[in-house]
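Comments concern the structure below.
Below, each value reflects all heavy atoms present in this structure, side chains not excepted, and no hydrogens, waters or symmetry copies. Every number for a ligand or one of its atoms is a count from 1 in the order of the listing.
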Amino acid sequence: MSPAREGPPQPLTTERADPGPPDPRAPYDESQIQVLEGLEAVRRRPAMYVGSTGPRGLHHLVFEVVDNAVDEALAGACTRIGVTVHPDGSVTVTDDGRGIPVGIHPTAGRPTVEVVMTMLHAGGKFGGGGYKVSGGLHGVGVSVVNALAEWLEVEVHRDGAAWRQRYERGRPVTPLERVAGARPGATGTRVSFKPDAAIFETTDISFDVIAQRLRELAFLNRSLHIVLKDERTGQQLSFRYDGGIVSFVEHLNRSKDVLHPRPIHFSAERDGAEIECALQYNTGYNENIFSFANTIHTTEGGTHETGLKTALTRVINDYARKTGALKDSEPNLGGEDVREGLTAVLSVKLTNPQFEGQTKTKLGNSEVRGVTESVVADKLGQFFEENPPVARKIAEKAVAAARAREAARKARELVRRKTALEVTALPGKLTDCAVRDPAVAELFIVEGDSAGGSAKQGRDRRIQAILPIRGKIINVEKARLDKVLANEEVRALITAIGTGIGDDFDLARARYHKLIVMADADVDGSHIRTLLLTFFYRYMPQLIDAGYVYIAQPPLFRVRRGKEDRYFYTDADLDRYLEQNGRSGVSIQRFKGLGEMNAEQLWETTMNPASRTLLQVNIADAMEAEWIFSTLMGEKVEPRREFIEAHAKDVRNLDTIG
Ligand code: 1YM
């Protein structure tokens, strides 16, 4: 989770970003003027190039450099990629590829590596061939990273020599120099950079966000070895999957009971596009489709995903009819029936991908729909013919889902009618804010009634709404949608948020752009947090994608010295303060729950936008919550026992570490 810096209004990033004075050493020729204008444009409007100046844009810098190394792996020239986060917040990416060319570039008259680092859109446009990314945010080029970095250093090993160059805010500050340290026969590229704090709202690189993407890349690029190190904490992870996306599906299903032992896997090249898919059913009710286009995670779906879904529905309906699993008197299976308990990874590669949607993660190429549909229909149909026992299980599960859906229809109609009535009427327990502008409105989702009371009194009633959640919300892992929707706490939450859910979801209808989960720093609070995150991840992931979901950080301690009160959010901070300032004459209050704080304290420490700290939830956090959840609540005993053993220490300390 990334701390979102808050406080007095900051000037716009575009005004803060100072491109600095021109470098007097730089020769004054036309290509240099172009370079400087290009870099200045990036620093003036960073969001246009990396999406945002928040955590998303920050991490994008790392991914952009990593993508160049992955391209080298796709070209068959690199087997190992390293990513290291250093204590000063800088990042190093290495690969053992050919090394970026260092010879003088024929038109720019400068070393090619310098051209790649300083000219917009220079990266990757030289070679041609392969499936390059265009559109979307990836593929903007490493020069954008350079422009938005306080400093960047590149080192190239090639032809038995080593070369190095340093840049500051995009401008070369040394020429490309030959350096010592070349190892005979070794080739590769090393790029180190420090994101510019004058550009980004936060420069705190999240280990989890990086780890999540690198794991994904390792799955999508079979046998590529990626090593991640965090020198700030000593954490280290190594990814290498010889099974590729089959391993990905097995990983996603690792805590679930599966319907068939091995994922179904196929790939084909058709009409200039490569389609690869792995899928496996589990005994649960949720659908988990991860789609990618040129290794970009298309979280908003798109034509490739539509093609997959259409083919699945058709093939399973055909099979169920043909074998009599579905009776003539019964209607066709619906899309949601054939996707119940489905875990699938779909990876397509094409030459000219078009990315659309709010976060540019929706594949728009219309030709891909038909290609994917025909590949999946052919290959899956063939698999069903050759593996009748697996096909029968899948068809029977879909038929059972359809029958359960039909049986629940009447009950759900009732619920629907009730919900429909409630759409206009906001939930009774919601204490709404005065403003109607969602961009400034905040919803605090508060555990328990007593804390809800303090929050209600302490809030800024203009912009802050309060929704108390009582007890445990429903376990979304073990229930079908209709049962989830019948849960009163869930219904209140959905109505208050206003976006709707599932296929009806519309981000534009969100009534608040900050949804803040405020729960105690104890075991129960952690349970509620996990439940809520799992719920958002399952049914409203777009809210997380949009950066609307936050976790409040209530303090653990109050220290009173004379008339002065200070609050501390961790044991370590309290210890440091007491070491520096002594213990005499202080009284320490330990907050066990939100309910122990009065309204004023709660406002001051946790709710006041000028002084609070919020943790912004990202998809990696939510996926982790979902995994913890399915491990703890799911059917499988073994992963649960392993998890509890591995985390026994943390669980015991939950009361102290939060
Ligand atoms: C740590 C980041 O950028 N590796 C990298 C980049 C390139 C090459 C190899 C490369 C590409 C080609 C030929 C080609 C790039 N080269 C260019 C350009 N790692 C990292 N490794 N030889 C080497 O595409 O033909 C851009 S990126 F333009 F110079 F060819």
Does [X] pair with [Y] as a salt bridge, N-O distance under 4.0 Å?
| X | Y | answer |
| --- | --- | --- |
| Glu305 | Arg369 | no |
| Asp242 | Arg240 | yes |
| Arg166 | Glu168 | yes |

Which ligand 1 atoms does [X] reach within 4.0 Å, using its non-hydrogen atoms?
| X | result |
| --- | --- |
| Thr112 | 29 (F) |
| Asn68 | 3 (O), 20 (C) |
| Val65 | 1 (C), 2 (C) |
| Glu72 | 8 (C), 9 (C), 10 (C), 11 (C), 21 (N) |

**Report entry** Option set Ile100, Val145, Thr187, Val116, criterion heavy-atom distance to atom 5 (C) of ligand 1, minimum
**Finding:** Ile100

Query raised in the report: Hey, is the main chain of Thr79 close enough, under 3.5 Å, to the side chain of Asp96 for a donor-acceptor pair?
Result: yes

Query raised in the report: Is a side-chain donor-acceptor pair under 3.5 Å present for Thr118 with Ser143?
Result: no

Report task. Pick one of side chain, backbone, both or neither for how Val93 approaches ligand 1, counting any non-hydrogen atom pair under 4.0 Å. Result -> both

Requested in this report: Please confirm whether Ala75 comes under 4.0 Å of ligand 1, counting heavy atoms of the residue only.
Outcome: no

Query raised in the report: Are the ring centres of Phe239 and His225 closer than 6.0 Å?
Result: no

Query raised in the report: Would you say Asp95 and ligand 1 have an N/O pair spaced under 3.5 Å apart?
Result: yes

